[in-house]
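Comments concern the structure below.
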Amino acid sequence: MSIHWADVIAEKLEKSGPHTIATGITPSGPVHIGNMREVMTAEAVYRALLDRGVEAKLIYIADTYDRLRRLYPFLPESFTEHIGKPLSEIPCPLGCCASYADHFLNPFLKSMERLGIKPQVYRADVLYKEGKYNEAIKTALRRKDDIARILKEVSGRDVPAGWSPFDAICPTCGRTNTTHVTGFDLEGETVDYECSCGSKGTVSMSGGGKLVWRVDWPARWPIFNVTVEPFGKDHATSGGSYDTGKRISEEIYGYPAPFPMVYEWIHLKGVGAMHSSTGIVVTIQEMLDVVPPEVLRYLIIRNKPEKHIEFDPGLPLLSLVDEYDQRKGDERAIELSNISKSGPFEIPFRHMVTAVQIARGDEDGLFVALKRSGYDVITRREEILGRARNVQTWLDKYAPAYVKFQVQETLPVAVKNLTPQERQGLGILAEQVEEKTAADIHELVYAVAKEQGLDSKKFFQAIYLAFLGDRQGPKVGWFLASLERGFVKARLKEAATA
RNA sequence: GGGCCGGUAGCUUAGUCAGGCAGAGCGAAAGGCUCUUAACCUUUAGGUCGGGGGUUCAAAUCCCUCUCGGCCCGCCA
């Protein structure tokens, strides 16, 4: 019996509680499932701690005050002028949200909600404007030479002459990458700057600028009492921002660095790692259109953070859903992924794939088809509809061609090519499908084929041909049982006499 | 050049910290049922634990070394 990774970490942390687990993402582009790993990883440990009776908090700091670094592929050319400005101060690229930051942050917050993740949310721009960082800014400015020395010692990088741990936002042009800090006033909590746009003057520490990333990160640890911090492997490299952050936290802020949790990337099968900046992305929303939320949780939670995840939204996705629904996978991972109280979803995803294609977008038709197959369609209507939407989107975007089919409205002409024996078999089938269950129909097909001296393979093809105009289809007994019985009878007869 | 993570059955992986009979799911095969047809049940097969060396009574696990894959080293999950 193995212990789940989240429990292993919780066990390690148990004695040093209470804990604050901090996550954070920069909303500089569409937030994708790779980003979700950070939050999911944190939440798994959060739950594991609570399960042990350890007091714990989960917080999420949106780095809305980071600057736009370059013109990403998904941005219009006109956004060149915003490069260097904080994300919260740039207009929404589509004009639908209050700011650039909101445009990417809002859908992410909504996705977290759907995934049952409920952290306390903070926005960096608000925190800075409220002056929450002021003490940390003053300490950093006062000891900037010590910080520069740490950066040099740990990362080997020399900071440029006149370097400042605080970037001023130019009040004239709005940029932080064009300013130069020339002095500061600790008592007045202001910073003097010069900007290459020609402007110079004084800005407040409250919202007039931002600590550089390598200092910003450790600065927030004492502010929020952070004790656990998950981060991507990019920060974990030797001499990277965790290494420098750890020393800055300990030596400058006198605060022990939080417990590090390094996690790997999620790759999209056949495409590569996801990056907001390259546009190679499956957003969480797109994913939630296809995968039920608890299964998306399961995808991340069942894998140890340091393993990279190869995500394949094609056929393997069905296996993943079934593994979760049928409780075949790691027990604890399933438990940590669960967000509903109603227990496992009983209709197999593969059967939903059949039912949805029979119903062709008709809700009532879907329920009728499922009911014919013997499933309970009364108690969990909403969930069924949710799954049906998942399946429809999956069919549209990711499903391999051979799982798709269309019940033909009229008898396909290709039926003419059937042999007399095959036709006769279909006629016998028509007589006997009457009140049979799915399994019985399946039996019947084999029985009739044998009776008529037909190769069962050919006979199956004949049936698929009559209904789908194709040589293959879903498991035949269950397929026919999902269709309206009168129609099945009529179509079989029609094919028999064509 | 420096560093991090990973390599265990066809696939996805547990077990590595703390050495003690290599375990699961998917897939496959056989059967349930004179039946290959996207659901179900039962059973079975499948492993040089990436290679080599070392330590040990005992190594997937610890040490050394090589190798393959992914990634990081201005910023990035």
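These numbers come from a predicted model, not from an experiment. So you know, we letter chains A, B, ... as the sequences are listed, proteins then strands, and number each from 1.
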What protein N or O atoms touch nucleotides 31-34 of chain B N or O atoms at under 3.5 angstrom, if any, and at what distances?
from	atom 1	to	atom 2	distance (Å)
B:U34	O2	A:Lys450	NZ	2.8

Any N/O pairs under 3.5 Å between the protein and nucleotides 1-8 of chain B? List them or say none.
from	atom 1	to	atom 2	distance (Å)
B:G3	O2'	A:Ser238	N	3.4
B:C5	O2'	A:Glu306	O	2.7
B:G6	O3'	A:Lys307	NZ	3.2
B:G7	OP1	A:Lys307	NZ	3.1

Each nucleotide N or O in nucleotides 24-30 of chain B that has a protein N or O under 3.5 Å away: list the pair and distance.
from	atom 1	to	atom 2	distance (Å)
B:C26	OP1	A:Lys328	NZ	2.7

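Where A:Val476 and A:Gly240 meet RNA chain B, the nucleotide closest to each residue was compared, and A:Val476 sits on the side nearer the 5' end.
Checked against salt bridge (charged side-chain N to carboxylate O under 4.0 Å, His left out), A:Lys85 has no partners two or more places apart in sequence or in another chain. Listed by chain and number, the residues in a side-chain contact (heavy atoms from CB on, under 4.5 Å) with A:Val448 are A:Ile428, A:Leu429, A:Leu444, A:Gln452, A:Phe459 (sequence neighbours excluded). Under the rule for a salt bridge (charged side-chain N to carboxylate O under 4.0 Å, His left out), A:Glu81 has no partner lying at least two apart in sequence or in another chain. In this view, A:Arg471 satisfies the salt bridge (charged side-chain N to carboxylate O under 4.0 Å, His left out) rule with no residue, not counting sequence neighbours. Every side-chain contact (heavy atoms from CB on, under 4.5 Å) that A:Glu431 has, sequence neighbours left out, goes to A:Lys493.
Listed by first and then second residue, the salt bridge (Lys or Arg N to Asp or Glu O under 4.0 Å) pairs that reach into residues 114-125 of chain A are A:Asp102-A:Arg123, A:Asp125-A:Lys129, sequence neighbours excluded. Sequence neighbours left out, the pairs with a member in residues 5-16 of chain A that pass salt bridge (Lys or Arg N to Asp or Glu O under 4.0 Å) are A:Asp7-A:Arg332, A:Glu14-A:Arg52. Sorted by first and then second residue, the pairs that involve residues 30-44 of chain A and meet salt bridge (Lys or Arg N to Asp or Glu O under 4.0 Å), not counting sequence neighbours, are A:Glu43-A:Arg47, A:Glu43-A:Arg297.
For RNA chain B, if you chain together Watson-Crick or G-U pairs that step i with j, i+1 with j-1 and so on, the runs of at least three with distances under 3.5 Å are B:1-7 with B:67-73, B:10-13 with B:23-26, B:28-32 with B:40-44, B:50-54 with B:62-66.
With C1' as the reference atom, B:A14 and B:A9 are 13 Å apart, rounded to whole Å. With both ends at atom C1', the span from B:G31 to B:C17 equals 44 Å, rounded to whole Å. B:G15 and B:G70 have their P atoms separated by 24 Å, given to the nearest Å. Across B:A58 and B:G20, the matching P atoms stand 14 Å from one another, rounded to whole Å. Rounded to a whole angstrom, the distance from the P atom of B:G10 to that of B:G50 is 13 Å. Of the P atoms belonging to B:A18 and B:U12, the separation is 29 Å, rounded to the nearest Å. B:G47 and B:G23 have their P atoms separated by 14 Å, with the value rounded to a whole Å. Between the C1' atoms of B:A59 and B:U43, the separation comes to 33 Å (whole Å).
Ring-plane geometry between A:Tyr100 and A:Phe79 is classed as tilted, the angle between the planes lying from 30 to 60 degrees on a 0 to 90 degree scale. Using cut-offs of 30° and 60° for the angle between ring planes, the A:Phe104 and A:Phe74 rings count as perpendicular. Classified by interplanar angle (parallel below 30°, tilted 30° to 60°, perpendicular above 60°), the ring pair A:His235/A:Trp217 is tilted.
In the set B:A38, B:A77, B:U13, B:A38 carries the atom at the smallest distance from any side-chain atom of A:Tyr464. Ranking B:C72, B:C75, B:A38 by closeness to the A:Asp234 side chain, first place goes to B:C72.
With rounding to whole Å, A:Leu299 atom CG is found 19 Å from B:C11 atom P. One atom, CG of A:Asp167, and another, P of B:C75, lie 13 Å apart when rounded to the nearest Å. The interatomic distance linking A:Tyr242 (OH) with B:C76 (P) rounds to 16 Å, in whole Å. Distance, A:Asp243 CG to B:G74 C1': 16 Å, rounded to whole Å. Taking atom NZ of A:Lys404 as the reference point, atom P of B:A38 lies 19 Å away to the nearest angstrom. Regarding A:Arg37, its CZ atom lies at a distance of 15 Å from the P atom of B:C71, rounded to whole Å. In this structure, A:His235 atom NE2 and B:C72 atom P are separated by 12 Å, rounded to whole Å. Per the geometry, CH2 belonging to A:Trp5 stands 12 Å off P belonging to B:G15, to the nearest Å.
Residues A:Glu323 and A:Tyr298 have side chains that bring a donor and an acceptor to within less than 3.5 angstrom of each other. With no hydrogens or angles considered, no side-chain donor-acceptor pair links A:Arg372 and A:Ser482 at under 3.5 Å.
Ring-centre distance between A:Phe349 and A:Tyr324: not below the 6.0 Å cut-off.
Here A:Asp322 lies out of heavy-atom contact (under 4.0 Å) with every strand. No engagement by A:Arg67 is indicated, since no non-hydrogen atom pair under 4.0 Å with the nucleic acid exists. Among the heavy atoms of the strands lying under 4.0 Å from A:Arg214 are primed sugar atoms or P, OP1, OP2 only; no base atom is included. Within 4.0 Å (heavy atoms only), A:Gly477 reaches no atom of the nucleic acid at all. At a threshold of 4.0 angstrom between heavy atoms, the contacts of A:Tyr263 include nucleobase atoms, whether or not backbone atoms are also involved. A:Val403 comes within contact range of at least one nucleobase, with a heavy-atom separation under 4.0 Å.
Between A:Asn303 and B:U12 there is no side-chain polar atom (N or O) within less than 4.0 angstrom of OP1 or OP2. Considering only side-chain N and O atoms, A:Trp478 lies nowhere under 4.0 angstrom from the phosphate OP1 or OP2 of B:A38. Applying the 4.0 Å criterion to OP1 and OP2 of B:C75, one finds that A:Thr26 has every side-chain N and O outside that range.
A:Leu288 and A:Pro293 make their closest contact through CD2-CA, 3.7 Å (heavy atoms, listed as atom of the first residue, atom of the second, distance).
Side chain of A:Lys404 to backbone of A:Leu395: a donor-acceptor contact under 3.5 angstrom is found.
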